[in-house]
Amino acid sequence: MHPAFQGLLTIAIGVSACVGYFYLSNQFLDKVLFPARGPNAGRNINRASMIRPWLFLFPALAALSLYLAYPVVETLRLSLTQRIPGGGYEWVGLDNYVQMAQEPKFWEAMRNNMLWLIVVPAMSTAFGLLVAQLTDRIRWGNIAKSLIFMPMAISFVGASVIWKLVYDTRPVEQDQIGMLNALYIFFGGVEPQTWLTIPFWNSFFLMVVLVWIQTGFAMVILSAALRGIPEETIEAAILDGANPFQIFFRIKVPQIKTTILVVWTTITITVLKVFDIVFAMTNGQWETQVLANYMYDKLFRANDWGVGSASAMVIMLLVAPILVWNVRNARKEME
């Protein structure tokens, strides 16, 4: 069967199944379980109204349980066990976490993740805010926004390939196709540098890729927030003699502080899970290891499911407080 036809057939079956589920479940609720007739008609209608929302929520709850809750529980179980040669598992408690904590690569990954967390959200949010402010003041701002947002349409692997070419190194006797080395040689460099193999600094070269991608996201959200600022507050500041810098930092930024924090935390979650860029550009070599890449190495290369699952739990524990904080802030705004 042709793949395109398979896709269309899958969509048709899925949509038909959803329509059938909602129709039949409502019919069962109204006609069989709580029929709106007889002496208890009023009570049955109320009960049906209470149960109906759960009928609509059930598919989503089932999907979340299957694809989110179950993997978390199973990963926790695997992190507390060890595979036995020949099949099966044995309970080892926290031994996998102890082993993980004794490995230098794990602490290298933790150190690099912390460095990414400090640099990437700050730079992406700052650049996004700067671009959002400046592009609203120029005639061709919409074109500039489109160009800056364009990297968001590229996958992380695609962006990594692009930037790997930017950092490319060729022998001295050959022309440099990597833009960074071409500029380095043009401005007086003696020989091309292998940028991705320079410890410590190579992590920053990798961060540039994610900043390049996430700046467009931050720009779009913050631009909308800036446009939502009441004009009266800006006009009042101008009448009071405030200059453009004072208006921006003392009037505009405080009013969109919540949006800035949301953008910051959203990018932070992305940073904690970063994998594609490191995997495609250095594969964790030359001291560029991060937690997600470390987890991949343990699970699929070393076939160590215990330590790999333990590192996955560490990533989840790092992300969870940020998610909780985001949810609490969202609820406060709704109130």
Side-chain angles (χ1 to χ4, degrees), residues 71-72 74-85 89-124 156-157 159-161 163-164 167-169 180 193-211 213-214 265 267-323:
V72 169
E74 183 65 10
T75 302
L76 177 61
R77 184 188 71 81
L78 288 172
S79 72
L80 301 173
T81 60
Q82 183 177 350
R83 300 180 80 176
I84 302 172
Y89 297 87
E90 65 176 355
W91 181 267
V92 295
L94 298 176
D95 288 358
N96 289 320
Y97 292 89
V98 173
Q99 180 184 337
M100 180 176 64
Q102 292 174 346
E103 294 187 7
K105 272 291 181 182
F106 170 74
W107 293 109
E108 177 190 314
M110 286 288 289
R111 182 177 65 252
N112 285 332
N113 265 95
M114 293 303 108
L115 189 62
W116 280 69
L117 285 174
I118 293 170
V119 175
V120 175
M123 298 300 292
S124 300
F156 282 11
V157 174
S160 301
V161 171
W163 280 91
K164 200 168 185 179
Y167 299 140
D168 184 78
T169 304
L180 189 58
Q193 301 292 314
T194 51
W195 304 103
L196 296 179
T197 65
I198 304 173
F200 182 72
W201 295 108
N202 51 8
S203 291
F204 289 95
F205 293 132
L206 298 181
M207 292 177 206
V208 168
V209 183
L210 193 54
V211 172
I213 295 172
Q214 293 296 319
T265 53
I267 297 174
T268 298
I269 293 170
T270 303
V271 169
L272 281 170
K273 300 183 295 182
V274 67
F275 165 75
D276 318 57
I277 294 170
V278 175
F279 181 78
M281 296 187 73
T282 64
N283 196 21
Q285 300 179 82
W286 308 296
E287 299 181 17
T288 59
Q289 187 70 288
V290 290
L291 283 172
N293 201 73
Y294 173 84
M295 177 190 71
Y296 177 86
D297 286 343
K298 287 296 179 182
L299 282 172
F300 302 109
R301 287 191 172 137
N303 206 26
D304 190 342
W305 287 55
V307 175
S309 299
S311 61
M313 293 304 300
V314 170
I315 295 173
M316 192 195 74
L317 290 174
L318 291 174
V319 171
I322 302 171
L323 290 174

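Being a predicted model, the structure only gives us computed values, none of them experimental. Just so you know, these numbers use all the heavy atoms, side chains as well, and skip hydrogens, waters and symmetry mates.
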Checklist entry - So how far is it from I213 CD1 to T270 OG1, rounded to the nearest 0.5 Å? => result 10.0 Å

Checklist entry - What distance do Q289 atom CD and F106 atom CZ have between them, rounded to the nearest 0.5 Å? => result 11.0 Å

Checklist entry - Is there a donor-acceptor pair under 3.5 Å between the side chain of N96 and the backbone N or O of A310? => result no

Next on the checklist: Is there a side-chain contact between L80 and V92 in this structure, where contact means two heavy atoms from C-beta onward sitting under 4.5 Å apart?
Outcome noted: no

Checklist entry - Looking at NZ of K273 and CE of M316, how far apart are the two atoms once the value is rounded to the nearest 0.5 Å? => result 13.0 Å

Next on the checklist: Counting neighbours of CH2 on W305 that are heavy atoms of other residues, nucleotides or ligands and sit closer than 6.0 Å, is the number greater than 12?
Outcome noted: no

Next on the checklist: Between N202 (side chain only) and E287 (backbone N and O only), is there a donor and an acceptor less than 3.5 Å apart?
Outcome noted: no

Item to check | Y97 and S79, any side-chain heavy atoms less than 4.5 Å apart | outcome: yes

Item to check | L210 vs F156 side-chain heavy atoms within contact, under 4.5 Å | outcome: yes

Checklist outcome for this item: In short, G308 meets M295 closest at the heavy-atom pair O-CG, 3.4 Å

Item to check | Distance-only side-chain donor-acceptor flag, T169 / T194, under 3.5 Å | outcome: no

Item to check | Spacing of L117 atom CG and I267 atom CD1 [to the nearest 0.5 Å] | outcome: 11.5 Å

Checklist entry - Does the side chain of W163 come within less than 4.5 Å of L180's, by heavy atoms? => result no

Item to check | Flag if over 12 foreign heavy atoms under 6.0 Å of NZ, K105 | outcome: yes

Next on the checklist: So V119 and F204, do their side chains get closer than 4.5 Å, heavy atoms only?
Outcome noted: yes

Checklist entry - Going by atom types only, do D304 and Q82 share a side-chain donor-acceptor pair under 3.5 Å? => result no

Item to check | From Y294 atom OH to W107 atom CH2, the distance as rounded to the nearest 0.5 Å | outcome: 10.5 Å

Checklist entry - Can you find a heavy atom in the side chain of Q285 that is under 4.5 Å from one in the side chain of T197? => result no

Item to check | Beyond-backbone contact of N283 with V278, side-chain heavy atoms, under 4.5 angstrom | outcome: no

Checklist entry - Does the T81 side chain pair with the main chain of L78, one donor and one acceptor, at a distance under 3.5 Å? => result yes

Checklist entry - Measuring from K164:NZ to F205:CZ, what's the distance to the nearest 0.5 Å? => result 15.0 Å

Checklist entry - Can you tell if the side chain of L206 reaches within under 4.5 Å of the side chain of N112, non-hydrogen atoms only? => result no

